[in-house]
Amino acid sequence: MKRRHTIKLILASMLVMTTACTPEPAPEPDRATWMVEHAADYLRDDPTSRRSWLERGWWSPELSYTKQLKDHYGLPDEGWELLPELNFEIDSLSDAPFEGRPIFNGVTPTDKAGWLELGRIAFWRMPMRRDAYVEWLASKPELWDRFGVERDAKGAARGLVRYRDSRGQVRTGMSCGFCHGEQGLEGKANKSMDLGGARAAFREARGLEPGDFSSWGPGMVDVTDDQVIDPLAIPNLWGASVQDYFNASGSVKIEQPGVAAVRFETQYIINHGYEVRPPRALTWALATYVYSLRPPEHGELELNQSGERVFMARCASCHNPDEGYSGGLVLAESIKSDPQASRSITRGTGSYRVPSLLGVSTGGPYLHDASAPDLEALLTSSGHPYGQAIEDQDRADLIEYLNQL
Amino acid sequence: MNTQKLLIFGFIALLSSLSLTGCLMLVEENTSEPEPWQPKETEKKAQLKGTYISGHLGNYWDCPEQGYQGEQEPQPAGQRPAGDQGEQGACAPSEDGNFDACGPLNCEAAQVTLELSNIGQLAAQGAKITEILVLDDQDMVRASLPIHDTMLLPSNETYDGALDVGATIKVRVDFAGPVNMNEILGYGPESRYGEQKAKLRIKIKANNAAEISIDTKLVSSMPSVAT
């Protein structure tokens with residue numbers, strides 16, 4: 001009896017020791033850290049990793065937007081791999097003569113701080129695209145307030161830079177910060193930016209028909225080149241670190257964090273006329289930086305626990321708190337908002353992604369079509385029907401909770 | 001019997017002697033030293049090799065007169081392509097500082113970027129892009145697009161057509177893209193805008209090198225909006 005009891009005691013002790021000594025699996029690094037650790041895979045001449053991230057990230061290779069990347073990007077010895085690299089010479093927007101300096105000093109960062117600093121420079125200073133109407137708008141400060149162009153501390157248009165393009169011409173280009181840096185806060189959508197209105201005004205100044213651009217509205221941009229009016233709300237970028245998809249329709253899946261750099265690199269190639277590619281250190285740094293963005297903090301707050309209970313019961317099945325309150329794809333018809341962009345022949349998937357709610361407290365309008373001006377409207381409108389069955393007090397608590405995110 | 005044998009042997013002897021005599025008559029007496037064997041010298045020539053890198057079909061939304069709309073006179077080489085506003089960029093002010101002289105919104109010439117190599121034994125002279133053809137989905141030629149200019153990269157200087165042995169260069173070719181690709185390809189009105197794309201066949205020749213051609217994958221028009 002005593003011997004049997006001793007054996008049991010020994011076995012129990014062994015079980016406890018085994019459990020205590022088994023090391024816990026290392027947590028997955030956050031995306032920005034992952035980027036720092038895998039930079040070499042992207043930067044090397046061999047395009048294998050880049051091609052792999054592209055292929056694993058596309059929703060469908062037959063969408064016209066994806067197809068051209070499939071046909072041209074990350075292929076050894078052909079296509080965009082052979083494009084000349086252009087290290088943009090940039091200068092601030094001013095009346096002074098252009099004195100361009102290379103945006104990248106040629107020194108590849110070796111630590112996270114270095115990558116983030118280079119990414120911050122790319123976010124605000126790397127010209128993503130040149131458009132004649134933006135160059136016209138940049139020359140007319142009297143129109144900036146009307147079309148949502150902000151001024152930086154020096155009075156220049158925030159997010160615009162002068163640069164020398166692939167043909168040696170000095171142009172004006174918009175950086176990420178132009179649309180995603182309201183009030184100088186990286187990642188915050190500029191919801192006053194009226195690019196459609198600016199386009200229409202530019203065309204009228206040329207004696208041309210304004211077209212349908214003025215129908216976009218502030219904070220909205222049509223990014224699908226399919227001659228269908230389907231503008232989408234300029235998104236906040238704070239969810240990039242946690243969400244599963246880029247683009248409202250989910251046409252790019254973040255299967256591996258590196259897909260962001262591929263996405264940015266191909267954007268620059270296309271938007272600069274397929275003539276050059278940017279230095280890959282810049283696009284990698286930019287992606288790393290975007291993954292690091294966080295919404296403004298509220299400081300010490302006591303979360304509305306009642307609202308949190310309502311959220312967990314009614315919202316968390318789509319807006320997963322463990323994923324920055326984001327989720328997967330939902331059929332466009334199920335959320336009742338404008339389905340047009342989900343049907344685009346260039347990027348449509350028939351669905352919309354469930355966006356992250358990080359930074360939702362910074363204000364509306366909400367939804368991809370900006371149809372909900374505030375949280376109250378979001379939870380009572382037909383565009384997002386999931387809040388309609390919530391009783392008044394619960395809804396008030398929920399809104400207070402959301403305003404703390 | 002003996003007589004028969006004699007006649008047969010005599011006939012054979014006669015034939016043999018005649019044959020031998022003929023051979024001797026036909027063969028010239030060769031008394032010179034045989035020449036040492038040498039391999040036949042291959043004629044040196046330039047040989048071009050081309051690779052398609054990238055390109056687009058332009059954007060002529062606001063300037064259709066500058067794009068290709070069917071059979072028309074080819075535009076002279078060196079003509080400023082659509083949308084090119086000159087050295088000062090797209091929004092050079094007029095003398096009174098008025099920026100309203102800016103160019104139209106959506107106006108950009110088509111271009112392709114190519115890599116060219118000379119894998120021959122002679123420097124190529126006068127290399128140039130001779131044709132840019134639009135192919136339909138059956139690889140049938142549907143149009144020949146007017147070529148504006150060919151620039152050497154990254155200098156952007158006009159390419160002079162020279163290519164040394166073993167050299168590899170990149171060039172960019174500006175040309176007039178189609179205003180309405182659907183019409184050129186014979187698609188009906190039900191075709192959607194997003195299909196404004198086609199494969200191209202690019203022909204390249206030098207004065208001293210055979211013509212080569214490069215077939216591209218689908219080339220699209222230049223987007224009007226951010227992608």
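A, B, ... follow the sequence lines: proteins, then strands. Residue 1 opens every chain.
- Ranked by heavy-atom pairs under 4.5 Å with chain A, the list B:Q111, B:M151, B:R172 is led by B:R172.
- Between B:R201 and B:E131 there is no salt bridge, since none of the side-chain N atoms of the basic residue sits less than 4.0 Å from a carboxylate O of the acidic one.
- For a residue to count as touching a neighbouring chain, one of its non-hydrogen atoms must lie under 4.5 Å from one of that chain's; by this rule B:I53 touches chain A with backbone and side chain alike.
- The part of A:R130 that comes within reach of chain B is its side chain, from C-beta onward, which places non-hydrogen atoms under 4.5 angstrom from that chain.
- Contact check on A:E265 versus A:R280 returns a salt bridge, with a Lys/Arg side-chain nitrogen under 4.0 Å from an Asp/Glu carboxylate oxygen.
- If you run side chain to side chain contact (heavy atoms under 4.5 Å, CB included) between A:W216 and each of A:D230, A:L195, A:L232, only A:L195 comes through.
- Heavy atoms closer than 4.5 Å to chain B are found in the backbone of A:D77, but not in its side chain.
- More than 12 heavy-atom neighbours from other residues, nucleotides or ligands sit within 6.0 angstrom of NZ on B:K170.
- Side chains of A:Y268 and A:V276 form no contact here, defined as non-hydrogen atoms less than 4.5 Å apart.
- When heavy atoms are compared at a cutoff of 4.5 Å, A:I269 does not approach chain B at all.
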